[in-house]
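Everything numeric here is computed off the predicted structure, so don't read it as measured data.
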Amino acid sequence: MHKKLTLKSGIAAALLLTFSLGAAQAQDVVRLGNLKFAHYGAVSYIKEIAPKCGIKVEEHVFAKGLDVMQAIIAGELDVGATASEAAISGRAGGAPIYVVAGFAKGGARLVAGAGQKIANVKDLKGKRVGVTRGGIQEVLLLAELSQNGLTYSETKGKDVQLVFLAYADLNQALMGKNIDAMMQSEPQSSQAINKGFGVEILKPYETPIGEPVRTMVMTEKFYKERRPVAEKFMRCFVEATKTFIDNQATAEKYVREVVFRGQISKQDFDDAISNSPYSYDITPEHIQITTDVMVKTGVGRMSKPPVAKDWVKTDLLDQAKKSLNVK
């Protein structure tokens, strides 16, 4: 009888241990939303080094930043990588998020079709300009047009006719002469130039926004209730980013072979990253200026724009950088 009880107790203890280990393992899973761009490569790389950070990262790739926000609102993600305008629109729309880091700067180009007589922004008058709706590229395009005194609309009748297309369709539209110019992301804008059907007009960083910073966002629940895991994730983010900054060969190999599966050339990658370098930092001031420009240009149509100082929180980033001796 005693032996049976001991056996049963042993089985119960083993089951309890298995359950506890499973629960701990599940707790350390981080669900990450990401986009398929060259400058999002270090974020993707986090999942490769996650085991040595003591976590498992499940990456989910979306077509655009607003899709990441929708997944966060649906409770499907813990962390998301997106351009600042999607984070701002998401927060204004009720997404329970904090901006916790920046992971790349720049990443946009105004490109004219080859053969078009477009040397500057003012030359866009009377032209069709393609852009992705709701992206940071739209914010930058409208800011540039406004700064140069040009009016714009989706319909004819204004100085510039806007043509809204997905990132993946812009290059094809420019090559097919369905649009005259485009505000495009990387590496697609570099590909258009390197393949000869696009010519750079400018990098749109002379608006009040300057170089746009891509944002790493974290749900409030993850930030507050799973703090130890959030700290591990942020250290992993800093380590992945440092690897890509310090070793461009590693970054190039991973982005070209894993993220894009051979679809972009070395030249495309080099040109893209020269226009969208990997980084860590973000400030409330940058997010506030971007918010103000969005309000002015009408991008996002926010009834109550969020105040940056209330939801930009860089304490986890500062802690991670300090622990890894990153300046």
Side-chain angles (χ1 to χ4, degrees), residues 30-37 39-40 43-44 46 57-105 107-108 131-143 164 166-167 183 185 209 212-226 230 233-234 237 279 281-317:
V30 180
R31 302 167 299 167
L32 167 67
N34 201 10
L35 305 181
K36 187 179 177 181
F37 296 111
H39 45 305
Y40 286 65
V43 174
S44 186
I46 294 171
V57 171
E58 295 178 349
E59 183 188 35
H60 305 270
V61 179
F62 295 85
K64 57 185 183 296
L66 292 176
D67 295 339
V68 174
M69 288 300 108
Q70 289 302 314
I72 284 176
I73 291 171
E76 297 167 358
L77 299 174
D78 304 304
V79 185
T82 182
S84 54
E85 99 295 326
I88 293 164
S89 294
R91 178 76 182 189
I97 54 170
Y98 292 138
V99 169
V100 294
F103 62 85
K105 299 180 292 185
V131 68
T132 299
R133 188 189 296 276
I136 191 65
Q137 291 77 17
E138 184 190 4
V139 181
L140 294 170
L141 174 61
L142 302 192
F164 290 106
Y167 293 109
M183 186 70 86
S185 190
I209 293 173
V213 180
R214 302 306 188 274
T215 57
M216 179 72 73
V217 300
M218 189 174 284
T219 68
E220 292 183 16
K221 183 175 181 179
F222 187 67
Y223 175 91
K224 294 175 180 176
E225 298 179 16
R226 297 178 62 194
F233 176 83
M234 192 55 66
F237 159 71
S279 61
D281 299 317
I282 194 81
T283 65
E285 291 76 18
H286 179 78
I287 294 298
Q288 190 59 57
I289 289 170
T290 305
T291 303
D292 295 342
V293 172
M294 288 175 66
V295 170
K296 184 177 180 181
T297 56
V299 176
R301 298 181 177 86
M302 299 175 287
S303 59
K304 190 177 180 182
V307 178
K309 64 181 178 62
D310 294 339
W311 65 293
V312 177
K313 299 186 180 295
T314 59
D315 54 315
L316 285 173
L317 174 66

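- Gln137 and Ala108 make their closest contact through CG-CB, 4.2 Å (heavy atoms, listed as atom of the first residue, atom of the second, distance).
- Under the 3.5 Å distance criterion, the side-chain polar atoms of Asn34 are left unmatched by any main-chain donor or acceptor of Val61.
- For the atom pair CD1 (Ile136) and CZ (Arg214), the distance works out to 6.5 Å, reported to the nearest 0.5 Å.
- Heavy atoms only, all atoms of each residue included: Leu77 and Val68 are closest at CD1-O, 3.8 Å.
- In this structure, Tyr40 and Leu35 approach most closely via the heavy-atom pair CB-O, 3.4 Å.
- In terms of heavy-atom proximity, Ile209 sits nearest to Leu140 at CD1-CD2, 4.2 Å.
- At least one donor-acceptor pair under 3.5 Å links the side chain of Arg91 to the backbone N or O of Ile97.
- Once rounded to the nearest 0.5 Å, the distance linking CE of Met69 with CZ of Phe62 reads 9.5 Å.
- Contact record, Gly134 with Glu138: N-OE1, 2.6 Å, taken as the closest heavy-atom pair.
- Here CG of Asp292 is found 11.0 Å from CD1 of Ile287. Values are rounded to the nearest 0.5 Å.
- In this structure a side-chain-to-backbone donor-acceptor pair under 3.5 Å is present from Gln288 to Ala308.
- At distances below 3.5 Å, at least one donor-acceptor pair connects side-chain atoms of Thr215 with backbone N or O atoms of Thr82.
- Side-chain atoms of Tyr223 and Asp315 include a donor-acceptor pair closer than 3.5 Å.
- Between Leu32 and Phe233, the closest heavy-atom pair is CD1-CZ, 4.3 Å.
- In this structure, the side chain of Thr132 engages the main chain of Tyr167 through a donor-acceptor pair within 3.5 Å.
- Panel note: side chain Arg31, backbone Ile72; no donor-acceptor pair is recorded below 3.5 Å.
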Note to self: Test side-chain contact (heavy atoms from CB on, under 4.5 Å) on Tyr98 and Val217; report intermediate values, then the result.
What the structure shows: CA-CA 5 Å; Tyr98 292 138; Val217 300; over 6 Å; no
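- Side-chain N or O atoms of Thr283 include one that pairs as donor or acceptor with a backbone N or O of His286 at under 3.5 Å.
- In this structure, the side chain of Glu225 does not engage the main chain of Lys221 through any donor-acceptor pair within 3.5 Å.
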